[in-house]
Amino acid sequence: MTPPDLDLTTPKPGHHPLRHRALALDRRLFEAAAARHWPGADPVLPRLSRSANHGALWFAAAAALAASRTPRARRAAARGLASLGLASLTINTLGKRSVRRPRPLLAAVPLVRRLERQPVTTSFPSGHAASAAAFATGVALESPAWGAAVAPVAASVALSRVYTGVHFPSDVLAGAALGAGAAFTVRGLVPTRGQVVPPPRPQAEVPALLRGEGLVLVANTGSGTADRARALRDALPDAEVVECAPGDVSARLEEAAGRARVLGVCGGDGTVNTAARVALRAGLPLAVLPGGTLNHFAYDLGVEDVRDLARALRQGDAVRVDVGRYSCGGQQGVFLNTCSVGVYPELVRERERWAHRVGGWPAGVLAALRVLRAGRHPLEAEFQGRTRPLWLLFAGNGTYHRMGLASGRRRDLADGQLDVRVVHGGRRPAARLLAAALAGPLTRSPAHAAVQVGRLRLDHVAPGTLLAYDGEVIEVEGRVTLEKLPEALTVYRPIAGY
C-alpha cells in the first residue's frame, strides 16, 4: 500500500497541479525503469553504485589519473576532487535538508537489484549523481580527453541509483545538475589553464621539423627528465637528445648551439634560463620541454608536455617573447619569469639548503618559516627617487594577472612591461607579505605598491644583498638595473587550435 506522502493519484491540498503532474511522471518513469529488463546490468550496476559510496570510486580514479605523471592529468584529478567536495558540501548542507522527499518503494524493484544496505537520508537530490557529475565535469574542464574516459563511468553510477531503486529519476537529474554546477563554480574560482592561453603573437618564422631534424635537445637529468626527453625522441625520431648532469648543462648547451637549427631544452626554470641565454647569443629559436617542479615559463607559453611541443615543432609554430635583463656592475644576466630582491631570494637560498634533505615542497615551507622568523631588517634601496625600506621587490617579465583564487599568470609574454610589486618595510613582514599576496591586482595598499614599467633602477643597494632570477641566486650591491628586451627570443609553442 502506498504511504500517504507518496500517494500521487490525487493532488494534496496546497500542491500545485503542475508539481503534482511532474511528481506523477517521475514515479511512472521510475516504475517503467524498474519493470524493464537490463541485460548484463544485474551483476554490474549494484556493485558500481556501492563502490561510489563516500566518493571512494572517485578518489581511486583521481589516484589513477595522478599516477599518469602528466601535469594535465594531475590537474584534472585535483579539479575533479575539488568539484566533488563542493558538490558534497552543497548536497549535505542544503539539498537534503531543503527537500525532505522519501525514497521510492522497493517493492517495485527486483530483489537482485537492491542494495545490501539501504540509504537512510532523504531522496532528493541524489548525492551519488552529484558526486559523479562533479568529478567527471571537473576532470573534463581541465582535460577533455580524460573527461571522455570518466564520463561513461559517472553516467553509469547515476543510472545505477534509479536501477537499484534508491532514487527517482528527478533526484538523479537534480543531483547531476548540482554536481556540474559545482564544477563550473570551482572553475570560476580557479580557472583552467585553457582559459588563460597567451595570445599567439607576434608570430615568428621558424623551420617546421616534421621528424625533428635539426633539433638538438639538452635534458637536465637532475630534474628527472629522462622519460620526457626520450618520449620527445620517440615522437620526433630525427631529433638529437643529449642527457647530462646539472653541472654540465651550460657546456652541453653551448656545444649543441654550434650544430643545431633549433636549440631544445628539458628541465626546470633555471635550466631553461641557461638555454635562453645561449639561444640569444647564437640567434637560434628555442624549444622548451617542461621538466622541473614549477615550469612557469613553459606553462605560461602554453607548452605542458611532449605532445604540445612536438605539434609546435612539426607545424613550425613559434612566437617572439620578451626577455628581462638585470645588470649590476660587471654582472649581467637575463630572466624569463621573475627577478627579485629582499625576502624571496633569502627564501630561495634557504630552500636549496634543505631541499636535498627533506624534499622540495617541505623545504619551501621550512625556508619560509625560518626566513620570516629570523628577525632580519628590511632591505634599504633608492626606488623611484626615494630611499626606503623594502621587504621585497618583485619584477615579473610581463604582467601577472590574478584570476579567481589562482596564483597570477601572464596572458601576454610580449607586452613590453616589467610587473613591479613592492612590499614596504615595517613591522611584521609576514603579515605585510600575506596582505600583498592577497591584494592581487590592487595597485596600492598600506603594505605594498604595484607599477608596470619598461625599466627600473635601484640605487644604494647594500653589499651582500641577494638577487634571485628564475630560481637562481647571486649577490649584488650598488646600482641594480632591470630592463626589458622586447621580443628578443623566438620560442616554439602550439598555435593551431587555440
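Taken from CG in L456 to OG1 in T481, the straight-line distance is 8.0 Å, to the nearest 0.5 Å. Interatomic distance, CD of Q452 versus CG of D415, reported as 8.5 Å (0.5 Å rounding). With rounding to the nearest 0.5 angstrom, the CG atom of L236 is 7.5 Å from the CG atom of L309. Rounded to the nearest 0.5 angstrom, T338 OG1 and F394 CZ are separated by 5.0 Å. A distance of 8.0 Å separates CD of E142 from CZ of R72, quoted to the nearest 0.5 Å. In this structure, E213 CD and D238 CG are separated by 5.5 Å, a value rounded to the nearest 0.5 Å.
Scanning for ring pair (Phe, Tyr, Trp, His ring centres under 6.0 Å) contacts around Y469 gives Y326, with sequence neighbours left out.
Taking a cutoff of 4.0 Å between a charged side-chain nitrogen and a carboxylate oxygen, R281 and E254 qualify as a salt bridge. Salt-bridge formation is detected for the pair E240/R259: a Lys NZ or Arg NE/NH1/NH2 atom is positioned less than 4.0 Å from an Asp or Glu carboxylate oxygen. Between E243 and R230 there is a salt bridge, since at least one side-chain N of the basic residue sits less than 4.0 Å from a carboxylate O of the acidic one. Looking at D459 and R457, a side-chain N of the basic residue comes within less than 4.0 Å of a carboxylate O on the acidic one, giving a salt bridge. Ionic pairing of E304 and R75 is present here: one or more N-O contacts between side-chain nitrogen and carboxylate oxygen are shorter than 4.0 angstrom.
In this structure the side chain of L467 never reaches within 4.5 angstrom of the side chain of T465, judged on heavy atoms. Between L217 and V242, every side-chain heavy-atom pair lies at or beyond the 4.5 Å cut-off. You'll find the side chain of V218 reaches within 4.5 Å of the side chain of C244, heavy atoms only. Annotation: side chain of R277 is in contact with side chain of T274 (closest heavy-atom distance under 4.5 Å). Counting only heavy atoms from C-beta outward, the side chains of V265 and L289 never approach each other to under 4.5 Å. Looking only at side-chain heavy atoms (C-beta outward), V303 and F297 stay at 4.5 Å or farther from each other. The shortest distance between side-chain heavy atoms of R493 and D308 does not fall below 4.5 Å. Looking only at side-chain heavy atoms (C-beta outward), L215 and L232 come within less than 4.5 Å of each other.
Of the possible polar contacts, one joining the T137 side chain to the A133 backbone as a donor-acceptor pair under 3.5 Å is found. Listed for the D317 side chain is no donor-acceptor partner under 3.5 Å among the backbone atoms of L313. Side-chain atoms of D300 never come within 3.5 Å of backbone atoms of L413 as a donor-acceptor pair (strictly under, hydrogens ignored). The backbone N or O of V190 sits less than 3.5 Å from a side-chain atom of R79, completing a donor-acceptor pair. Remark: side-chain polar atoms of D248 are not paired, donor with acceptor, to backbone N or O of A251 under 3.5 angstrom. No donor-acceptor pair under 3.5 Å is formed between the side chain of S143 and the backbone N or O of A140. Under the 3.5 Å distance criterion, the side-chain polar atoms of Q331 are matched with a main-chain donor or acceptor of E475. Between the side chain of R325 and the main chain of L485, no donor-acceptor pair closer than 3.5 Å is present. Without hydrogens or angle criteria, K484 side chain to Q417 main chain gives a donor-acceptor distance under 3.5 Å. In this structure, N273 contributes its side chain and V334 its backbone to a donor-acceptor pair below 3.5 Å.
Side-chain contact check for H128 and N53: at least one donor-acceptor pair (N or O, by modelled atom type) lies under 3.5 Å. Counting only N and O atoms by type, the side chains of T399 and D419 include no donor and acceptor under 3.5 Å apart.
Summarising the geometry of R455 relative to E483, their closest heavy-atom pair is NE-OE1, 3.7 Å, with the distance given to 0.1 Å. Of all heavy-atom pairs spanning V262 and P207, the tightest one is CG2-CG, 4.1 Å. Shown here for N397 and L336, the closest heavy-atom pair between the two residues is ND2-O, 2.9 Å. Between G267 and V272 the shortest heavy-atom distance is O-CG2, 4.0 Å. Closest of all the heavy-atom pairs between F335 and D470 is CA-OD2, 3.4 Å. When all heavy atoms are compared, the tightest approach of A183 to L141 is O-CD1, 3.8 Å.
Residue R307 qualifies as open at atom CZ: its count of foreign heavy atoms under 6.0 Å is 12 or below. Other residues, nucleotides and ligands contribute only 12 or fewer heavy atoms inside 6.0 Å of the CD atom of E205.
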Inset, instruction - Could you give me the CA-CA distance, side-chain angles and deciding distance for S131 and W58, then say whether side-chain contact (heavy atoms from CB on, under 4.5 Å) is met? - result: CA-CA 8 Å; S131 296; W58 309 121; 4.2 Å; yes

Legend entry - Step-by-step side-chain contact (heavy atoms from CB on, under 4.5 Å) determination, L81 to F59: CA-CA 7 Å; L81 290 180; F59 283 105; 3.8 Å; yes

Inset, instruction - Using the side-chain contact (heavy atoms from CB on, under 4.5 Å) rule, take L284 and R261 through it: C-alpha gap first, then chi angles, then the decisive distance, then the call. - result: CA-CA 7 Å; L284 292 173; R261 295 175 66 197; 5.8 Å; no

Legend entry - Worked check of side-chain contact (heavy atoms from CB on, under 4.5 Å) between L458 and L393: CA-CA 10 Å; L458 291 175; L393 185 144; 3.8 Å; yes

